[in-house]
Enquirer: 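The structure under discussion is supplied below as structure tokens; questions concerning it will follow.
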Amino acid sequence: QVRLQESDPGLVKPSETLSFTCTVPGVSLTTNTFWSSISQAPGKGLEWMGATRDTVNNYHNPSLKSRTSISRDTSNNQCTLQVRSVTPQDTAVYYCAGGNGLDEYEYWGQGAQVTVSS
């Protein structure tokens, strides 16, 4: 079973950029799999933030698109979500997930707590 590995941004200051990296061990990023970043703020449900499928196609949550960027490092099997101009409302547990669609998740990471605070 593939277990995704997430970076641990930890504490991020307001107005800074959050970088969240997912490493996919044993599965090539060149397969037709959607690799998503998902967050869950305290007391709220899961929010899909964006995904990458290949070197050309990235997908963004429309409500976050102005603040998010997605990149991929195929040689290291990593994909990174960046969220610019963070606020305390971006405090959440962030997850990596992978699957055959934007809302189909076969693989999960364990989650990383990100706190936005000065």
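These figures come from a predicted structure and were not determined experimentally. What you see below is based on every heavy atom in this structure, not just the backbone, and it leaves out hydrogens, waters and symmetry mates. Position 1 is the first residue of the sequence, and the numbers go up from there.
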Enquirer: Could you check W35 against Y107 for ring pair (Phe, Tyr, Trp, His ring centres under 6.0 Å), going step by step and ending with a plain yes or no?
Expert: CA-CA 9 Å; W35 303 104; Y107 313 114; 5.8 Å; yes

Enquirer: Any ion pair linking D90 and R67 (charged N to carboxylate O, less than 4.0 Å)?
Expert: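 Yes.
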
Enquirer: Would the distance check show the side chain of T87 and the main-chain N or O of Q89 forming a donor-acceptor pair, the cut-off being under 3.5 Å?
Expert: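 Indeed, once roles are kept as given, a pair shorter than 3.5 Å links the two residues.
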
Enquirer: For a 4.5 angstrom cut-off between non-hydrogen side-chain atoms, does F20 reach M49?
Expert: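 No; the side chains remain at least 4.5 Å from each other.
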
Enquirer: Taking the side chain as C-beta and beyond, is there a heavy-atom pair between V93 and V114 under 4.5 Å?
Expert: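 The answer is no; the side chains never approach within 4.5 Å.
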
Enquirer: Are C79 and C22 packed together at the side-chain level, in the sense that at least one heavy-atom pair is separated by less than 4.5 angstrom?
Expert: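 Answer yes - side chains close enough.
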
Enquirer: Does one side chain, of T80 or T21, offer a donor that lies under 3.5 Å from an acceptor on the other?
Expert: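 T21 and T80 do have a side-chain donor-acceptor pair below 3.5 Å.
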
Enquirer: With rounding to the nearest 0.5 angstrom, report the NE2 to OG distance, H60 to S69.
Expert: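 Answer for the NE2-OG pair, H60 versus S69, is 6.5 Å.
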
Enquirer: Do T91 and Q113 touch side chain to side chain, with heavy atoms closer than 4.5 Å?
Expert: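 Yes, their side chains come closer than 4.5 Å.
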
Enquirer: Nearest 0.5 Å, please: how far is CD in Q82 from OG in S71?
Expert: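 Here the interatomic distance stands at 6.0 Å.
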
Enquirer: For the backbone of C96 and the side chain of E6, can you confirm whether one donor and one acceptor N or O come within less than 3.5 Å of each other?
Expert: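 The answer is yes, because a donor-acceptor pair under 3.5 Å joins these two groups.
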
Enquirer: Starting at OG of S37, measure out to CG of L18 and round the result to the nearest 0.5 Å.
Expert: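 Reported to 0.5 Å precision, the distance equals 9.0 Å.
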
Enquirer: Roughly how far, to the nearest 0.5 Å, is CG of N57 from CD1 of I70?
Expert: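 Interatomic distance, I70 CD1 to N57 CG, rounded to 0.5 Å: 11.0 Å.
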
Enquirer: Kindly indicate whether the side chain of N61, heavy atoms from C-beta on, has any atom under 4.5 Å from the side chain of E47.
Expert: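 Of all side-chain heavy-atom pairs linking E47 with N61, at least one is under 4.5 Å.
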
Enquirer: Under the side-chain hydrogen bond (donor to acceptor under 3.5 Å, both in side chains) rule, collect the residues that match up with S118, sequence neighbours excluded.
Expert: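 Listed in chain order: nothing, the list is empty.
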
Enquirer: Are any non-hydrogen side-chain atoms of Y95 and L4 less than 4.5 angstrom apart?
Expert: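 Of all side-chain heavy-atom pairs linking L4 with Y95, none is under 4.5 Å.
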
Enquirer: Counting only heavy atoms not in E16, do more than 12 fall under 6.0 Å of its CD?
Expert: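 Yes, enclosed.
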
Enquirer: Between CG of N58 and OG1 of T52, what distance do you get to the nearest 0.5 Å?
Expert: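 Between atom CG of N58 and atom OG1 of T52 there are 4.0 Å.
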
Enquirer: If you compare all heavy atoms of V83 against all heavy atoms of V86, which two are closest, and at what distance to 0.1 Å?
Expert: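 So the minimum-distance heavy-atom pair works out to O-CG1, 3.4 Å.
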
Enquirer: Report yes if the distance between the aromatic ring centroids of F34 and Y59 is under 6.0 Å, otherwise no.
Expert: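 Between Y59 and F34, which both carry aromatic rings, the centre distance is below 6.0 Å.
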
Enquirer: List the atom of K44, the atom of Q40, and the distance in Å for their closest heavy-atom pair.
Expert: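 So the two residues come closest at O-NE2, 3.0 Å.
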
Enquirer: Return the minimal non-hydrogen interatomic distance between S19 and P9, and the atom names on each side.
Expert: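 Heavy atoms of S19 and P9 come nearest at O-CG, 3.3 Å.
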
Enquirer: Using the side-chain contact (heavy atoms from CB on, under 4.5 Å) rule, take R53 and N32 through it: C-alpha gap first, then chi angles, then the decisive distance, then the call.
Expert: CA-CA 6 Å; R53 183 182 184 188; N32 263 352; 3.5 Å; yes

Enquirer: Once rounded to the nearest 0.5 Å, what's the spacing between atom CD1 of I38 and atom CG of L81?
Expert: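 Here the interatomic distance stands at 11.0 Å.
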
Enquirer: If we only count heavy atoms from C-beta on, is the S36 to W48 side-chain gap below 4.5 Å?
Expert: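 Yes, close enough: below the 4.5 Å cut-off.
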
Enquirer: Heavy-atom distance under 4.5 Å between the side chains of R3 and P25, does that happen here?
Expert: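 When only atoms from C-beta onward are counted, P25 and R3 do not touch, as no gap falls below 4.5 Å.
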
